[in-house]
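Working notes, beginning with the structure itself.
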Amino acid sequence: MIEVYVRSTCSSCKKAEADVRNSAQEFAVRDFFKEPLSASEIGDLLKRIGISPADAVATRSVPYKTLDLASKALSDEAMLELMAEHPALLRRPIVVRGNAGLIGYNQKTLAEFLSA
C-alpha cells in the first residue's frame, strides 16, 4: 500500500496524488493540514524512509522564515515538534511504500518509484 501525505491546496501534491492514482496501485491519502501529524508520527515516518528532519524541512515556507530557522541549530526532536505545530515546515508531498519514500515532487522520480 502506498501512503501519500499532502496538503489539498498544494499543486505539487495534486500532481503526485494524480500520478499515484494513475499507477493503479492501492493507496491512501492523508492531508496532514486537515489531519495533523504528531511529532512522533513525523519522526517515525521520516525514520522509516531514512530521511532526517533537517532534510524534510520546507526552507521556502512562511514559518521557516518567520521563525528564522536558518539561523538556529535545532535538535531533531525540536524540529519535529515545530513541524507538528507548523505543518507547512514539512516538505510535501510525501509518498511512501514500505520503508522507502520520496519527499517533494519530481514527476520522473515518482514514476520510477511507483514502477519499482
Side-chain angles (χ1 to χ4, degrees):
M1 158 102 71
I2 297 173
E3 303 163 53
V4 185
Y5 297 87
V6 300
R7 180 176 193 174
S8 60
T9 59
C10 166
S11 60
S12 294
C13 295
K14 290 176 185 177
K15 291 175 188 175
E17 187 176 341
D19 290 350
V20 171
R21 181 171 275 108
N22 291 335
S23 76
Q25 298 180 54
E26 187 178 342
F27 69 97
V29 177
R30 180 171 177 180
D31 182 332
F32 62 90
F33 283 75
K34 293 179 180 175
E35 296 177 59
L37 296 163
S38 68
S40 63
E41 285 178 302
I42 297 167
D44 291 347
L45 177 64
L46 296 178
K47 185 176 183 177
R48 184 164 50 122
I49 63 175
I51 296 175
S52 72
D55 291 334
V57 173
T59 57
R60 296 183 305 183
S61 69
V62 172
Y64 185 84
K65 294 172 184 173
T66 303
L67 297 169
D68 193 27
L69 296 182
S71 69
K72 298 178 182 170
L74 298 173
S75 67
D76 285 352
E77 293 77 23
M79 184 57 73
L80 292 171
E81 289 294 334
L82 282 173
M83 288 174 166
E85 185 178 339
H86 304 279
L89 285 172
L90 189 56
R91 284 181 56 206
R92 59 190 182 272
I94 304 171
V95 180
V96 178
R97 181 177 46 216
N99 291 329
L102 302 172
I103 293 186
Y105 181 72
N106 178 293
Q107 186 177 26
K108 181 181 177 187
T109 305
L110 181 58
E112 291 169 358
F113 179 77
L114 294 171
S115 67

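- The shortest heavy-atom contact between Leu46 and Pro53 is CD1-CA, 3.9 Å.
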So Tyr5 and Val96, side chain to side chain contact (heavy atoms under 4.5 Å, CB included) or not? Walk me through it. CA-CA 8 Å; Tyr5 297 87; Val96 178; 4.3 Å; yes
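- Rounded to the nearest 0.5 Å, atoms CD1 (Ile51) and CG (Leu102) are 7.5 Å apart.
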Verify side chain to side chain contact (heavy atoms under 4.5 Å, CB included) between Leu37 and Met83, making sure each step is shown before the conclusion. CA-CA 9 Å; Leu37 296 163; Met83 288 174 166; over 6 Å; no
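- Follow the hydrophobic side-chain contacts under 4.5 Å out from Leu80 and you reach Leu82 in the same cluster.
- Here the closest non-hydrogen pair linking Ser71 and Asp68 is OG-OD2, 2.6 Å.
- To the nearest 0.5 angstrom, Glu81 atom CD is 9.0 Å from Ser75 atom OG.
- Side-chain heavy atoms closer than 4.5 Å link hydrophobic residues (I, L, V, M, F, W, Y) into clusters, and following such links, even through other members, never connects Phe33 to Val29.
- Rounded to the nearest 0.5 Å, atoms OG (Ser38) and CG (Asp44) are 7.5 Å apart.
- Put simply, CE on Met79 and NZ on Lys72 are 9.5 Å apart, with the number rounded to the nearest 0.5 Å.
- Taking every heavy atom of both residues into account, Tyr105 and Asp19 meet most closely at OH-OD2, 2.6 Å.
- Hydrophobic clustering (ILVMFWY, side-chain heavy atoms < 4.5 Å, transitive): Val20 and Ile94 are in distinct clusters.
- For the pair Arg91 (side chain) and Ile103 (backbone), a donor-acceptor distance under 3.5 Å is present.
- The shortest side-chain heavy-atom distance between Gln107 and Leu110 does not fall under the 4.5 Å cut-off.
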Indicate every side-chain donor-acceptor pair of residues 56-63 with a distance under 3.5 Å to a residue at least two apart or in another chain.
{"residue": "Ser61", "atom": "OG", "partner": "Ala58", "partner atom": "O", "Å": "2.8"}
{"residue": "Ser61", "atom": "OG", "partner": "Tyr64", "partner atom": "N", "Å": "3.3"}

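- Grouping the Ile, Leu, Val, Met, Phe, Trp and Tyr side chains by contacts below 4.5 angstrom, directly or via other members, places Ile2 with Val6.
- Between the side chain of Arg7 and the backbone N or O of Ala88, no donor-acceptor pair lies under 3.5 Å.
- No more than 12 heavy atoms of other residues, nucleotides or ligands shown are found within 6.0 angstrom of NZ on Lys34.
- One finds the CD atom of Glu3 at 4.0 Å from the CZ atom of Arg48 (value rounded to the nearest 0.5 Å).
- Gln25 approaches Leu114 most closely through the heavy-atom pair NE2-O, 2.8 Å.
- A donor-acceptor pair is defined here as one N or O able to donate and one able to accept, closer than 3.5 Å; no such pair exists between the side chain of Arg92 and the backbone of Cys13.
- Taking the side-chain contact (heavy atoms from CB on, under 4.5 Å) definition, one finds that Asn106 meets it with Lys108, Thr109, sequence neighbours left out.
- The hydrophobic clustering, which links ILVMFWY residues whose side-chain heavy atoms are closer than 4.5 Å, places Leu45 and Phe32 together.
- The structure places CG of Leu67 at 5.0 Å from NE2 of His86, a figure rounded to the nearest 0.5 Å.
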